[in-house]
Amino acid sequence: MDISPTSAAPPPTSQSPDPAPSPPQAPVKGKAVRPGDKVFLGLSRGSGITLLVIMAAIAAFLTYRAYLAISEDSVNFLTAFEWNPQGDPPAFGIGILAFGTVVSSVIAMVIAVPIAVGIALFVSHYAPRKLATPLSYVIDLLAAVPSIIYGLWGALFLVPYLDGLTRWLDQFFGWTVVFEMSNPGSPARSIFTVGILLAIMILPIITNVTREVFLQAPKMIEEAALALGATRWEVIRMSVLPFGRSGIISASMLGLGRALGETMAVATVLSPGFLFTWHLLDPGSGTFAQNIAAKFNEADEFGRDALIASGLVLFVITLLVNGAARLIIARRKEYSGANA
């Protein structure tokens, strides 16, 4: 059969297919491009380094001065219940100061944290806007009141009015030893009164931070729970509180930091006395900050070194508290809004 040239199949072309377009390169993260970015990066990095240098300088200064004092101490600095740096030989310890600081702070936290969480929930989820707004302003103002004002109020108002409460606790709970009064006629200038005053002082701080955390809870989850028939408390228990758990811990540690280092208010309310007692209603005891404020002016150079040594212990306690709070938040952030 004769096949015409026109019916023959065309020869294959030697043209290669077009190469696939290369994917766009992602921008390098963290690379400052604009001059403003470079300036901001340098300022941020410098601020962080400066903060670390300041903290290291404070720690080095406290450690050096504390070593000068502790090396001459004739008793155990961590467990002794006396304070006499001017003695021959010098004898001073922080046993009573550590006890008073920790106990007063624990009393303050036990009283303040539940009340602060309740107020924050009321302001953020229960109170109408006309009431929540002025109430938030009042709480903010309470956080700005100076410590000496709280101290004067505690000495002139709180101490006289707590006399009836201390007598009632002694009458009905004196069998616990903790609430037993050795001298029922003494004024209520005790470590228990200091704990109540510190609770009032840290209440606005914990409330403000906790309220802001609760306001950041996802509204879609709350509305979905309400649409499924959950009550207001069930919505708070299942969505708001788990979301704000890390925030509550952070707010509590912030308030605890102020309670541990409070000076003027404690020095105004607490009766000075270096006496260890389990009776929280008896006058006496002391805290680190109160002891430093009360004895710094009358101390000589060696006595000030001893006070600085006690300040170093308070510094370490504060760092440990904040470190523990960070660990708790890091372990529980997957149950809250920390990753949101």
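Under the side-chain hydrogen bond (donor to acceptor under 3.5 Å, both in side chains) criterion, D140 pairs with N208, not counting sequence neighbours. For R258, the salt bridge (charged side-chain N to carboxylate O under 4.0 Å, His left out) partners at least two apart in sequence or on another chain are E262. When the side-chain hydrogen bond (donor to acceptor under 3.5 Å, both in side chains) test is applied to S136, the partners found at least two apart in sequence or on another chain are R211. Contacts of W233 classified as ring-ring contact (aromatic ring centres under 6.0 Å, His included), with partners at least two apart in sequence or in another chain: none.
Note: L314 CG to I308 CD1 = 13.5 Å, rounded to the nearest 0.5 Å. Here OG1 of T166 is found 13.0 Å from CZ of R189. Values are rounded to the nearest 0.5 Å. Atoms OG1 and CD1, on T210 and I205 in that order, are 11.0 Å from each other to the nearest 0.5 Å. Put simply, CD1 on I317 and CG on L260 are 7.0 Å apart, with the number rounded to the nearest 0.5 Å. Distance check, rounded to the nearest 0.5 Å: CD1 of I191 to CD1 of I196 gives 11.5 Å. Separating the CG atom in L131 from the OG1 atom in T133 is a distance of 8.5 Å, to the nearest 0.5 Å.
Contact detail for F214 and H125: the closest heavy-atom pair is O-CE1, 3.6 Å. Between L142 and P204 the shortest heavy-atom distance is CB-CG, 3.5 Å. The nearest pair of heavy atoms linking L215 to S124 is CD2-CB, 3.6 Å. Taking each heavy atom of L198 and A108 in turn, the nearest pair found is CB-CB, 3.6 Å. Smallest separation of non-hydrogen atoms from V235 and A230: CG2-CB, 4.0 Å. The two residues A69 and A306 come nearest to each other via the heavy atoms CB-N, 3.6 Å.
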Q. Under the side chain to side chain contact (heavy atoms under 4.5 Å, CB included) criterion, do V53 and I49 qualify, and how do the steps go?
A. CA-CA 6 Å; V53 170; I49 296 174; 4.2 Å; yes
Q. Under the side chain to side chain contact (heavy atoms under 4.5 Å, CB included) criterion, do F173 and V178 qualify, and how do the steps go?
A. CA-CA 8 Å; F173 297 96; V178 175; over 6 Å; no
Q.
Go through it in stages, so that I can follow the logic: the residues are D73 and V75, the test is side chain to side chain contact (heavy atoms under 4.5 Å, CB included), and I'd like the CA-CA distance, side-chain angles, deciding distance and then a yes or no.
A. CA-CA 6 Å; D73 194 4; V75 295; 3.4 Å; yes
Q | Pair F243-I221, side chain to side chain contact (heavy atoms under 4.5 Å, CB included): steps then yes or no | A | CA-CA 11 Å; F243 177 87; I221 298 179; over 6 Å; no
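By the criterion of side-chain heavy atoms lying less than 4.5 angstrom apart, applied directly or through intervening Ile, Leu, Val, Met, Phe, Trp or Tyr residues, L312 is not grouped with F92; the two fall into different hydrophobic clusters. V321 is not connected to L254 by any chain of hydrophobic side-chain contacts under 4.5 Å among Ile, Leu, Val, Met, Phe, Trp and Tyr, and they are in different clusters. M238 and L226 are not part of a single hydrophobic cluster, where members link through side-chain heavy atoms under 4.5 Å apart. By the criterion of side-chain heavy atoms lying less than 4.5 angstrom apart, applied directly or through intervening Ile, Leu, Val, Met, Phe, Trp or Tyr residues, V123 is grouped together with Y126 in one hydrophobic cluster. Grouping the Ile, Leu, Val, Met, Phe, Trp and Tyr side chains by contacts below 4.5 angstrom, directly or via other members, places L320 apart from M253.
The backbone N or O of L307 lies less than 3.5 Å from a partner atom in the side chain of S310, making a donor-acceptor pair. Although no hydrogens or angles enter the test, the distance criterion places no donor-acceptor pair under 3.5 Å between the side chain of S239 and the main chain of I236. With hydrogens and angles disregarded, a donor-acceptor distance shorter than 3.5 Å links the side chain of T263 to the backbone of G261. Put simply, the side chain of N291 never gets that close to the backbone of T287: no donor and acceptor are under 3.5 Å apart.
The side-chain hydrogen bond (donor to acceptor under 3.5 Å, both in side chains) analysis of residues 40-62, with sequence neighbours excluded, yields no pairs. Each ring-ring contact (aromatic ring centres under 6.0 Å, His included) pair with one or both residues in residues 128-164, not counting sequence neighbours, appears once here: W153-F157, F157-Y161.
At a threshold of 4.5 Å between non-hydrogen side-chain atoms, the residues P89 and E72 do not count as touching. Here the side chains of F122 and L135 are in contact, with some heavy-atom distance below 4.5 Å. Residues F315 and M55 form a side-chain contact, since some pair of their non-hydrogen atoms from C-beta on lies under 4.5 Å apart.
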Indicate every side-chain donor-acceptor pair of residues 99-107 with a distance under 3.5 Å to a residue at least two apart or in another chain.
unit_1	atom_1	unit_2	atom_2	d
T101	OG1	L97	O	2.8
T101	OG1	F288	N	3.0
S104	OG	G100	O	2.8
S104	OG	T101	O	3.1
S105	OG	T101	O	2.8

Distance-only donor-acceptor pairs under 3.5 Å for side chains of residues 111-121, two or more places apart:
none

Using residues 58-68 as the side-chain source, report each donor-acceptor pair under 3.5 Å to any protein atom, sequence neighbours left out, with the distance given to one decimal.
unit_1	atom_1	unit_2	atom_2	d
T63	OG1	A59	O	2.6
R65	NE	D305	OD1	2.5
R65	NH2	D305	OD1	2.5

Without placing hydrogens or testing angles, list every side-chain donor-acceptor pair under 3.5 Å for residues 79-86, not counting sequence neighbours.
unit_1	atom_1	unit_2	atom_2	d
N84	OD1	G87	N	3.4
Q86	NE2	D300	OD1	3.4

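Listed by chain and number, the hydrophobic cluster partners of L52 come to none, as no ILVMFWY side chain reaches under 4.5 Å of it. Here M220 sits alone; no ILVMFWY side chain lies under 4.5 Å from its own, so it joins no hydrophobic cluster.
Summarising the local packing, NZ of K130 is surrounded by 12 or fewer heavy atoms from other residues, nucleotides or ligands at distances under 6.0 Å.
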